[in-house]
Amino acid sequence: LRPRDLGIGHLFERVRDAIIVADAHTGRIVLWNPAATEIFGYSVSEALEMDVEELVPERLRERHRAGLARYRETGHGPYVDSRELLDLPALRKSGGEIRIEMSLSTIEPVRDVGDEERRYALAVVRDITERKTTEEALRESEERFHALVQNSLDIVMVTDAQGTIRYVSPSVERVLGYRSEEMVGTSTAEYVHPEDLEGALGELAEAAAKPGVHPVAVETRVRHKEGSWRHLEGIANNLLDDPVVGGMVFNHRDVTERKRGEEEIRSLNEELENRVKERTARLETALAELRSSEERYRLLVESAEDYAIFMVDPGGRVLDWNAGAERIFGYKEEDIVGEQGSILFTPEDIRSGAPERELEKAREEGRAADERSHLRKDGSRFWASGFVRPVRDSAGNLRGFAKVARDITERRRTEDELRASEERFRATFDQAAVGVAHLGLDGRWLRVNNKLFEITGYPREELLQKTFQDITHSDDLGADLEQARQLLAGEIETYSMEKRYIKKDGSTVWINLTGSLVREPSGEPAYFIAVIEDISERKKAEEALSQSESRYRAVVEQSADGIYLVDAGAGRILETNPALRDMLGYGAEELRGMELHGIVAHDPEDVYANVERTLREGWRFIRERGYRRKDGSVVEVEVAASAIDYGDTQVICAAIRDITERKRAEEARREIRDAERRRIARDLHDGVLQDLSYTAAAIGLLMLQADEEKLKEQLQAVIDAVRRGAEGLREVVNDLRIEDEDGRPFAEMVESLVRRNRTMAKHVEISMDVGERVPATPLGEIGTQASRLMQEALTNARRHAGAKRISVSLRMDGLELIAEVADDGVGFGPETLPGVGLSSMRERAAVIGCDLEIESEKEWGTRVRLRIPLSEGLQG
Amino acid sequence: MTGEAVTKRIRAMLVEDHPDFRALMGVLLNSQSDINLVAQAGSLAEARDHAATFEFDVVILDLGLPDGHGEDLIADFRRSNPDVGVLILSASLDPAGIEKATRLGADEIMDKLAPLEEVLGTVRRLGSA
């Protein structure tokens with residue numbers, strides 16, 4: 001048989017489920033895929049040597065064989081026919097037990113070589129050990145309880161306070177013949193033996209008086225559906241107050257057989273008592289009878305696999321041992337019978353006398369709970385739950401103790417895990433840096449962490465008496481409730497809002513709330529989860545910022561300077577202050593969105609070049625600028641502009657100040673100064689210089705008339721001194737005479753400057769170079785001032801630097817006119833900081849809005865560069 | 001003076017408003033045997049009078065005069081004496097003034113601080129041209 005024959009060739013290799021085909025006749029495995037190896041651990045070659053039975057745990061092999069035999073004979077079987085998904089234990093190669101999910105199916109009979117029809121069974125198996133473990137861990141304890149109840153040999157019954165049956169486990173049918181559905185709704189009293197009714201009512205009353213898990217032993221005879229009486233023994237717990245159960249819980253076990261056995265023992269003993277002396281021989285018979293009854297009892301006991309059930313004699317020695325005990329404790333019957341039962345106890349329990357105490361309690365009280373850690377044969381520990389009861393003969397003599405125990409390690413572990421997980425959750429919840437709360441659908445606080453008490457100022461008990469509506473600021477409540485409604489309606493999954501709580505002390509706290517809803521598995525809303533963050537500090541900061549903004553705004557609004565913001569990219573005005581609007585005669589709305597060159601009385605090209613420069617340099621001051629009023633007239637202003645980066649947008653904030661008055665005053669001052677300068681120049685020229693010239697000439701005449709050589713030399717020396725004085729004075733006069741040149745083209749002014757300097761310093765070569773685009777129009781006062789600065793640079797080069805060559809040049813650099821004086825003189829290094837002359841030159845350059853750059857290096861000379869920004873109409 | 005052609009003396013006129021300088025130049029020029037200082041003036045008006053009255057070969061002219069600019073006289077001198085040489089003797093060497101004087105026809109511009117021999121040499125050169 002090949003996978004291909006099943007039409008699953010490729011799938012067979014790749015599928016994650018084990019695919020196993022076994023021969024129904026021999027039990028041999030004939031197909032085994034890689035997934036099967038993965039699950040069971042056997043390689044393909046190993047598996048093909050095996051009987052499929054080896055995968056079945058020992059305890060299920062009988063059933064396996066029976067099922068396989070039936071299928072072999074009839075080609076049918078309940079699982080094969082139904083293809084029901086089976087949940088079974090299975091054995092791995094390692095011997096370990098795993099849980100599998102398996103579906104069985106038939107395969108079309110295949111005729112082999114001998115023309116004999118052979119049947120095969122196909123099993124598709126999935127390892128669900130992991131899943132089972134996970135499911136086990138996650139299942140609610142109630143479900144586990146329920147499962148236990150459902151599968152228990154015991155009858156578990158829940159009644160209300162009046163004894164009306166609310167639930168009874170299906171096992172009741174096996175014991176009493178009633179189907180559990182028949183019994184639900186009927187009264188327990190209907191089934192109790194009339195003679196036991198009073199006792200049963202007493203036991204019930206006893207249980208009812210002790211709410212919670214306080215087991216009360218109950219014992220009663222109950223009518224079987226077919227009329228016989230069954231003896232039930234068990235415990236009752238009053239769990240009426242338990243929200244999960246809400247009833248009286250009875251745990252009954254059918255002890256009819258044991259009772260009968262005991263009864264027989266009792267009657268036999270009676271007989272023994274009566275006849276012991278004369279009928280010793282019958283003792284044997286009676287003992288045999290006893291043994292046979294015990295045998296029956298034993299059968300019953302041994303069938304209980306999940307329970308360890310064994311007896312010890314009054315001294316604690318083990319008398320018998322069922323299969324469940326073997327499975328749970330690991331001892332075989334022959335190993336333990338005759339040993340002290342205390343070997344099942346942990347050393348610490350033995351030291352504390354627990355084994356003796358347990359038996360003592362059972363003897364005195366008729367029952368002792370055994371809920372403790374026990375030892376297995378291999379020394380490992382497990383958690384066991386059970387009880388010990390005394391066994392007495394009919395005469396009431398103690399014959400020993402019956403002990404029943406169940407391994408609840410797994411349940412304990414699961415409970416521990418759940419508890420740990422719960423604790424972790426609680427710790428996280430309690431220590432969270434934000435407030436976390438569960439709220440009922442009515443807004444009541446159900447569960448609240450510590451942080452929330454801190455935020456609201458309410459102590460726990462007080463807060464838990466309130467609803468969120470109680471402490472929410474009335475202005476914020478509407479929006480909150482609306483969003484909660486949307487959560488409940490399923491319109492939103494979560495919401496977040498900023499709102500205010502009123503703290504216990506009456507103060508307000510700003511919080512950020514994130515709300516969500518937890519629903520029951522059925523989809524019904526269960527409760528709200530709220531995460532609450534205290535944002536008071538942030539709110540305070542926002543408030544402070546807003547106040548600072550309004551203060552700042554007030555400053556801008558009240559400023560006497562005109563202030564506006566302009567979008568540097570679009571060149572459009574964003575904001576203006578009242579002073580600007582007054583200055584230009586526009587309304588705020590007229591200016592908003594207006595292009596910048598609409599208010600600046602210069603070429604757009606020049607306006608945007610300034611914008612660019614401000615962006616590049618961050619800050620810019622323009623000493624003189626014309627701004628155009630709405631009526632077309634121009635107002636003279638000075639401008640301070642700075643670039644502000646608003647993320648993507650670059651904005652320029654400019655403050656402008658009307659300088660009409662200042663200019664007028666400056667003009668007047670300048671006129672006075674120039675007149676003064678002219679007067680001094682004239683006085684020096686017409687008086688002192690003429691006198692000096694005369695003096696030199698007069699001495700020259702004397703010298704011509706002198707005969708004596710020595711006198712001639714002396715006179716020559718005087719003449720030279722006078723000449724030097726006169727030359728110096730002449731330069732001063734010439735400097736003072738630069739006047740009224742505002743109207744001369746700048747290049748022409750510089751050319752005459754160069755000529756004059758050539759005249760005054762014949763031994764220096766002064767070159768002059770005028771570049772393209774240098775404007776031929778006058779520069780006004782800036783031109784006059786700039787030419788004075790150049791004169792100063794030339795004087796420095798001639799007098800102080802001892803230059804041989806000086807080159808003067810004018811050229812354009814973008815919108816700037818560059819005037820440069822470069823010499824080959826001594827220069828100065830960085831160690832020689834520019835002197836007073838240079839710093840005063842810088843200041844004077846700044847006054848006319850120019851930059852002065854000075855480069856100097858020792859032995860290489862000095863270069864003085866004046867950058868003159870040209871405005872409207874001045875570019876060449 | 002007609003018929004005397006042994007050595008023709010250079011006729012010079014001096015226009016100078018600084019009295020001491022003018023006196024000094026007068027002494028200097030008169031002390032030269034080949035130079036005849038025919039007229040002296042201390043102002044524009046005075047110089048114009050002389051220009052119409054006298055004949056001369058060379059005029060020594062100061063630029064700054066109390067009633068005007070010396071260079072403005074050049075045209076007047078040329079009207080009466082078309083071949084007259086014009087020597088500007090200036091203390092300031094003001095470039096604007098020099099430029100203007102050159103444009104208006106000055107033949108030479110000299111610094112008042114120049115050695116007297118150079119001044120005399122220039123007077124002779126211009127006067128005998």
Side-chain angles (χ1 to χ4, degrees), chain A residues 681-706 712 715-716 718-741 744 748-762 791, chain B residues 14-33 35 37 42-44 60-70 87-103 108-124:
Chain A
R682 200 172 52 245
D683 287 354
L684 288 175
H685 180 265
D686 296 354
V688 184
L689 188 57
Q690 298 296 342
D691 285 349
L692 283 174
S693 299
Y694 159 71
T695 307
I699 298 165
L701 186 60
L702 284 176
M703 207 172 76
L704 285 180
Q705 294 160 351
K712 278 191 176 181
L715 290 172
Q716 186 61 50
V718 177
I719 289 173
D720 289 346
V722 173
R723 273 191 187 139
R724 281 198 299 278
E727 275 167 6
L729 186 60
R730 194 154 58 199
E731 284 184 21
V732 172
V733 170
N734 281 336
D735 282 352
L736 288 171
R737 271 189 174 168
I738 303 173
E739 57 182 345
D740 296 330
E741 291 193 312
R744 284 182 78 188
E748 198 182 305
M749 285 167 73
V750 175
E751 270 162 22
S752 83
L753 192 71
V754 167
R755 263 200 309 279
R756 195 159 68 238
N757 278 275
R758 280 179 188 146
T759 318
M760 289 184 288
K762 295 207 167 60
Q791 173 59 59
Chain B
L14 176 62
V15 183
E16 170 61 61
D17 66 328
H18 193 278
D20 291 338
F21 195 87
R22 195 169 76 226
L24 180 102
M25 285 309 289
V27 170
L28 177 68
L29 291 170
N30 279 328
S31 66
Q32 306 300 313
S33 56
I35 297 172
L37 181 62
S43 69
L44 213 59
I60 301 145
L61 188 60
D62 186 18
L63 291 179
L65 296 171
D67 53 351
H69 296 289
L87 166 60
I88 303 286
L89 202 56
S90 169
S92 66
L93 293 180
D94 164 41
I98 290 165
E99 208 180 292
K100 191 178 166 198
T102 311
R103 199 170 63 241
E108 198 65 71
I109 295 163
M110 286 192 77
D111 187 353
K112 276 184 175 174
L113 297 171
L116 295 180
E117 293 92 329
E118 281 180 30
V119 176
L120 289 173
T122 307
V123 169
R124 287 191 178 95

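Letters A, B, ... mirror the listed sequences (proteins, then strands); counts begin at 1.
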Would you give me the side-chain donor-acceptor pairs under 3.5 Å for residues 691-702 of chain A, sequence neighbours excluded?
residue, atom, partner, partner atom, Å
Asp691(A), OD1, His18(B), NE2, 2.5
Ser693(A), OG, Leu689(A), O, 2.9
Thr695(A), OG1, Asp691(A), O, 2.6

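For the set Val119(B), Leu116(B), Leu113(B), Leu89(B), the entry with the most heavy-atom pairs within less than 4.5 Å of chain A is Leu113(B). No other option in Pro66(B), Gly64(B), Pro115(B) has as many heavy-atom pairs under 4.5 Å with chain A as Pro115(B).
The salt bridge (Lys or Arg N to Asp or Glu O under 4.0 Å) test applied to Asp683(A) returns Arg679(A), not counting sequence neighbours. Applying the side chain to side chain contact (heavy atoms under 4.5 Å, CB included) rule to Gln716(A) yields the partners Met703(A), Ile719(A), Asp720(A), Arg723(A); only residues at least two apart in sequence or on another chain are considered.
Gln690(A) CD to Asp20(B) CG: the interatomic distance, rounded to the nearest 0.5 Å, is 11.5 Å.
Interface residues of residues 22-29 of chain B toward chain A, defined by a heavy-atom distance below 4.5 Å and sorted by number: Leu24(B), Val27(B), Leu28(B).
Here the closest heavy-atom approach between residue Arg730(A) and residue Asp111(B) is recorded as NH1-OD1, 2.7 Å.
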